[in-house]
Number of protein chains: 4
Amino acid sequence: MPKQVITPSSDSSAVSNSCAEYGLTTEEFHALREKATQAKSTAYCPYSNFHVGAVLLTQSGAYISGANVENASYPVATCAERVAFGKAITEGHRGFKAVAVATDISPPASPCGMCRQCIREFCDLSTPIIMFDGEQKYSIMRLEQLLPLSFGPEALGVPSQLQSSSSS
Amino acid sequence: MPKQVITPSSDSSAVSNSCAEYGLTTEEFHALREKATQAKSTAYCPYSNFHVGAVLLTQSGAYISGANVENASYPVATCAERVAFGKAITEGHRGFKAVAVATDISPPASPCGMCRQCIREFCDLSTPIIMFDGEQKYSIMRLEQLLPLSFGPEALGVPSQLQSSSSS
Amino acid sequence: MPKQVITPSSDSSAVSNSCAEYGLTTEEFHALREKATQAKSTAYCPYSNFHVGAVLLTQSGAYISGANVENASYPVATCAERVAFGKAITEGHRGFKAVAVATDISPPASPCGMCRQCIREFCDLSTPIIMFDGEQKYSIMRLEQLLPLSFGPEALGVPSQLQSSSSS
Amino acid sequence: MPKQVITPSSDSSAVSNSCAEYGLTTEEFHALREKATQAKSTAYCPYSNFHVGAVLLTQSGAYISGANVENASYPVATCAERVAFGKAITEGHRGFKAVAVATDISPPASPCGMCRQCIREFCDLSTPIIMFDGEQKYSIMRLEQLLPLSFGPEALGVPSQLQSSSSS
Ligand SMILES: [Zn+2]
Ligand SMILES: [Zn+2]
Ligand SMILES: [Zn+2]
Ligand SMILES: [Zn+2]
């Protein structure tokens, strides 16, 4: 089981190391942090009052944001990550370099299982998922660490070439 | 129970009557038709091969599109309407004048119950929902006709002022 | 649009009329009322504190109960009606005579759109849905009134013979 | 990341070792295998034709089964594991010793992310999840391995005493 390491985003040496390990530039890292944090304020969450922001970085350098959109019938809600993938996929984006989520709690909250499954549909298993807490601290894990032995399109005979292709 | 009247979009007299009844201009009607139809091609639906496009018209004149985004785990899918509302709400839109959906089947397919519930969260009960089939024929019903006796935010003590406010 | 008529369950003349109209015996009506009301106490709803009980009456006379089962990730929750259908279908029941739901609020809460869609998969359009409030008052509507122009298995080429067959 | 070890259920020495490691008797192991395998046949899955069976073993020795119940609107479907938890929770069960799932494919399919999140709500992190393929081979992982850094009730201020309490 992976250990959760929590690091301040202001620790530039640690951030540089993270970026080297996960194939990001520090500019990308900080853009992800800022955009995920800003996205929190776009949530519609009168039921949980739990604001979640998400942002996707595509392999071609686009950032697509989302936030949780709740409903009086709780299961009709859509989490931040799935709002972001809904936007990205229908706007033609394929091939994702990183996923970031931000909440107000510590330690940094991870994507729920349902969202990990959504990420699985569209991202390589090695894709980094960066989780920011309310104080700009972060943890990073790869998708395959957050959703091991995952069930995906292949199990139903659907090609997953999506994951490696790049566009827009 | 409301009867489903199906009308060709090329019948300009019928379209004019529909627009007068539901508070739309004919330009808005045809923009909704074109955008909903185009949105179908942005669906990710390798499991059902059932393409659905949706578009929302805000009270300030913006159009926000969506399409269904499926998943190997079927319940993790997001329907076209909910993708569109996810985008719209997190981009700050409030106050919707009409919702349109388009599919390839006839008679025109209606939003599933889950999506009617999503629409309920953000729209006045009188909001028209326009359904286009694969041959540009359409039906229109108000939300209160498609989801009578609906369960909404009020039941949980959440103010639904959202529905009448307008922005962006 | 159907009007919601609200009637006390203690009004035996009104209940008799409802039963005659919807093909139920008064014993069945009161069993549905009692079982739906009792089912509320089996809900797991620490997030909404909104207790919902549901019960299905099969054509062969069995009653299957359910209640809402929520989750820290709100969309992972399952509503009372879908818990009941999950049980019923996997236990081999087919063919339903009535669906009842009970909550603590007035007027009687209706099934959310997502649950109406679930009912649609397994019930004839004429199936009565009885809604009880916290004071044993009730409303009844047929499925086709609560989910007009519904989208069902036929649209995807799946036979819906389920709906009329009877078993267990 | 955990490695998936796949073992024939007929290898009694390996099964004994698994049982010792995960706190099960071999009788419980084989009951879980048989019941999960049988539950597959109770699925309603005309859309995916992908049969999944699930069974829960409570700390008091009860077995509760479920299977996937699909819907023409794909997101309205309920997976096997969530059908089983819906039954179990509303029938008063608390405290689970093991979760088993069975499918027809190899290697053994794991619970989707949405179901891992459901399991998280009601089970200790150390709970074993046994996955059976179509040829009675199995893999076992603990919940904390399948859903590391999980998001649960505590994040929303809801006590998770459920997980350790036992009943029925
Ligand atoms: Zn989520
Ligand atoms: Zn839908
Ligand atoms: Zn519901
Ligand atoms: Zn699942």
Side-chain angles (χ1 to χ4, degrees), chain B residues 4 40 42-54 66-87 99 101-121 129 131 133 143 146-147 150-151 156-158, chain D residues 4 40 42-54 66-87 99 101-121 129 131 133 141 143 146-147 150-151 156 158:
Chain B
Q4 183 170 26
K40 283 189 294 186
T42 68
Y44 170 77
C45 53
Y47 304 101
S48 70
N49 286 311
F50 191 80
H51 291 73
V52 184
N68 46 328
V69 175
E70 299 186 344
N71 193 280
S73 173
Y74 284 18
V76 177
T78 313
C79 296
E81 298 90 326
R82 289 182 291 121
V83 166
F85 274 103
K87 283 192 208 186
V99 174
V101 294
T103 66
D104 294 324
I105 63 169
S106 293
S110 61
C112 83
M114 189 177 186
C115 288
R116 296 180 194 192
Q117 186 70 45
C118 174
I119 298 170
R120 170 66 174 81
E121 189 81 18
I129 297 171
M131 298 158 270
D133 72 4
L143 174 56
L146 287 180
L147 196 72
S150 59
F151 175 85
L156 297 177
V158 166
Chain D
Q4 183 170 27
K40 285 189 294 186
T42 69
Y44 171 77
C45 53
Y47 304 101
S48 70
N49 287 312
F50 190 80
H51 291 73
V52 184
N68 45 329
V69 176
E70 299 187 344
N71 194 281
S73 172
Y74 285 17
V76 177
T78 313
C79 297
E81 298 90 326
R82 289 182 291 122
V83 166
F85 274 102
K87 284 191 207 185
V99 174
V101 294
T103 66
D104 293 325
I105 64 170
S106 293
S110 62
C112 83
M114 189 178 187
C115 288
R116 297 181 194 191
Q117 186 70 44
C118 174
I119 298 170
R120 171 65 174 82
E121 189 81 19
I129 297 172
M131 298 158 271
D133 73 4
M141 308 283 282
L143 174 56
L146 287 180
L147 195 72
S150 59
F151 174 86
L156 297 177
V158 166

**Message:** Please find the pair of heavy atoms, one from Tyr47(D) and one from Tyr74(B), that lie closest to each other, and give the distance.
**Reply:** O-OH, 3.8 Å

**Request:** Would you name the heavy atoms of Cys79(D) and Pro75(B) that are closest together and state the gap between them?
**Result:** SG-CG, 3.7 Å

**Fill in**
The residue among Cys115(D), Ser48(D), Pro111(D), Cys112(D) that forms side-chain contact (heavy atoms from CB on, under 4.5 Å) with Ser73(B) is Cys112(D)

